Novice: 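Let me give you the structure first, and then I'll get to my questions.
Numbering starts at 1 and runs along the sequence shown. Nothing here was measured: the structure is a model prediction, and the numbers come from that model.
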Amino acid sequence: MKKILILSISLLILTGCSKDFLDTKPESTITDEQLETSTEANQAIIAGVYSALRSFGLSNSASHEDYGHKSILVAMDMMSNDMLMTKSSWYSSFYNYLGRVQTNSRAKLAWSIYYPQIKTVNTVLTLLPAKTDNAKLNAQRGQALALRGYFYFMLARMYGPTYVGNESKLCVPIYTEVSFDGKARATVAQVYTLIQADLEESVELLQGYSRNNKDGLDQSVAQAFLADVYLEMGKYPQAADLAHKARQKYTLLSKADWNNGFYDMATGNETMWGATITSAQSSFVASFFGHFDNTNNSGYAGGLGVYKNIDKNLYESISDTDYRKAAFVSPTTGNPTYPSLPAYANTKFRDPTIDSGDYIYMRSAALYYIEAEALARSGNEGTAKQVLYDITITRDPSYVLSTKSGAALINEIILQKRIELWGEGYAWFDMKRLKVGLTRDYPGTNHPAFGKLNIPATDNRFIFQIPQAEIDANPLIEQSPL
């Protein structure tokens, strides 16, 4: 009797509400056709990618290094000559190069951050037409292309060799549409062809687009991505041109703003792209400032003494009249504001809010060095010197226009870049690109024993192995040498 009653009620519901019940476009889902024309749906997906880039636990919820893109940037700097940690703790596997090994969980950190987001933007790109008369759809496609190109650029520089001279060697798998089937590794040339095509199209599509805030991308950020890619590929005139264009609407930080802690995207007008962090979004100690703010007694750095310091040689190369030198504790006079900090400890990164410091991914300052290096390598040393002067004089009032040329000029540009962008994700990538070896074991070094390594520039350890989880799941993957 109960079954008959239920069946009767069910039939009544079905017949009485047949049009609603059989609605082929329920409000709770988004069809492909709707996505093609819905600017709101597309932007929501893209916003989700921006959000994911500053989220905790995308790769390993137990890892306090897993808080998104900012963690990858600083992890790469931990592998450089320029940064050290005083105790073995989080990031030590990057610092001692064990994190690049396939069985180490750090080998999959970037893989697990960028590839899922590539899959997400592929969803948008598959459905959006290449170009329409709808400016919003063009801008959304432009953002998606810029993100995909940049994600592949990050992956290529970590899991593959440098571009120049290695075009036929293995890089990373390419996915340009949503797929559940694993692919073999593409060559370096194939990956960079996609990166360049994505970014060049994005620059065109983002023309005239005005973003709501700097959590998202606009044309200037896409231009900056592409300038860096051109520099990596040895396309120096193009790199100089794009770097110059990308920085035009930004102004360099004042001395006060530069020394403000780099915790607020709204400080000055130099930040190009980043992530706004609120207390509600904070992952507390599992965050950039939790690890790299030596003044924060609640974090790993300041609270447990896992200090993040500058390399002694780099510190000594900074002019005494350069105010950036004060961002590190003097080995002779200390720091009166933070008297307990050891010599060479950084005070560059400080978050007075404790739990809501923003993540700054990119500053326009970087573009001066890309432009200057690219100009110098293009044979335009005079303009290269002027561009270098234009930024350095704002940091060091005693700086004079360089009289160097050739390799010496390039070295001066790179040195100033290392000083300006310390801890911001450029040093290790530049070491790899410029074939500079790791040199931490030298007379008077301040690197601790567990990180006191010297590694030749062409060593296999400058390439991350494909993570074990990918090897297990994808039989087409060929592993990089140990």
Novice: Exactly one of N309, N346, T295 should register a side chain to side chain contact (heavy atoms under 4.5 Å, CB included) with L341. Which one does?
Specialist: T295
Novice: Could D322 and K325 be called an ion pair, given the rule that one side-chain N must be under 4.0 Å from one carboxylate O?
Specialist: no
Novice: Just by distance, do the side chain of K108 and the backbone of Q468 share a donor-acceptor pair under 3.5 Å?
Specialist: no
Novice: Does K70 make a cation-pi contact with F288, if we ask for NZ or CZ under 6.0 Å from the ring centre and within 45° of the axis?
Specialist: yes
Novice: Under a 4.5 Å cut-off applied to non-hydrogen side-chain atoms, are K348 and N294 in contact?
Specialist: no
Novice: Quick one: is the NZ or CZ of R157 closer than 6.0 Å to the six-membered ring centre of F153, and within 45° of its axis?
Specialist: yes
Novice: Answer yes if the ring centres of Y300 and Y91 are under 6.0 angstrom apart, and no otherwise.
Specialist: no
Novice: Is E65 salt-bridged to R106, cutoff N-O under 4.0 Å?
Specialist: yes
Novice: Give a yes or no on whether a salt bridge exists between R363 and E420, defined as a side-chain N under 4.0 angstrom from a carboxylate O.
Specialist: yes
Novice: Going by an N to O cut-off under 4.0 Å, is there a salt bridge joining D198 and R148?
Specialist: yes
Novice: Looking only at the aromatic ring of each residue, does the gap between the centers of W273 and F225 stay below 6.0 angstrom?
Specialist: yes
Novice: Taking the cut-offs as 6.0 angstrom to the six-membered ring centre and 45 degrees off its axis, would you call R350 and F289 a cation-pi pair?
Specialist: no
Novice: Do the side chains of K417 and E424 get close enough for a salt bridge, i.e. N-O under 4.0 angstrom?
Specialist: no
Novice: Is the shortest side-chain N to carboxylate O distance from R247 to E371 below 4.0 Å?
Specialist: yes
